[in-house]
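All residue numbers in this chain count up from 1 along the given sequence. The basis for the numbers below is simple: all heavy atoms, side chains too, and nothing from hydrogens, waters or symmetry mates.
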Amino acid sequence: MAVDDIETYCEDGIWKTRWRNCDEPFAAGGGRQRQASQGATVACWYGVDHIITNPDGTIAEHNSYRYRREYEPS
């Protein structure tokens, strides 16, 4: 799987978290704070960005954890 960003979003009143290149969430429920925390944790593990969107689709937060990614020689 290619490394991509993590997105936390609200769908039908339920907060969910997924990889941005995937349609299915890997976590759902528990409210915005819980999903934002889970999304940030996974983004930190993989060294990617974490984007939190408001229920209307606008971006509420965009946090980068890319500095944590290990050096990958080209």
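Linking ILVMFWY side-chain heavy atoms closer than 4.5 Å, directly or via other members, places F26 and I14 in two distinct hydrophobic clusters.
Counting side-chain heavy-atom gaps under 4.5 Å among Ile, Leu, Val, Met, Phe, Trp and Tyr, the cluster of I59 also holds I51.
To the nearest 0.5 Å, atoms SG (C44) and CZ (R66) are separated by 13.0 Å. Note that NZ of K16 is 8.0 Å distant from CD of E24, once rounded to the nearest 0.5 Å. Summarising the geometry, atom CD belonging to Q38 is positioned 9.5 Å from atom NE2 belonging to H50; distances are rounded to the nearest 0.5 Å.
Residues that satisfy the side chain to side chain contact (heavy atoms under 4.5 Å, CB included) test with E7, not counting sequence neighbours, are Y9, R18, R20, T53. The salt bridge (charged side-chain N to carboxylate O under 4.0 Å, His left out) search around R32 returns E61, not counting sequence neighbours. Among residues two or more places apart in sequence or in another chain, the side-chain hydrogen bond (donor to acceptor under 3.5 Å, both in side chains) test is passed with D56 by T58. Partners of S64 according to the side-chain hydrogen bond (donor to acceptor under 3.5 Å, both in side chains) rule, which considers only residues two or more places apart in sequence or in another chain, are D49.
Taking the side chain as every heavy atom from C-beta outward, D5 and W19 never approach each other to under 4.5 Å. Side-chain contact between P55 and W15: present, with at least one pair of heavy atoms (C-beta onward) separated by less than 4.5 Å.
Judged by distance alone, the side chains of T17 and Q35 do bring a donor and an acceptor atom under 3.5 Å apart.
The shortest heavy-atom contact between R34 and G29 is CD-O, 4.0 Å.
When the options V42, N63, T41 are evaluated for a side chain to side chain contact (heavy atoms under 4.5 Å, CB included) with I6, the one that passes is V42.
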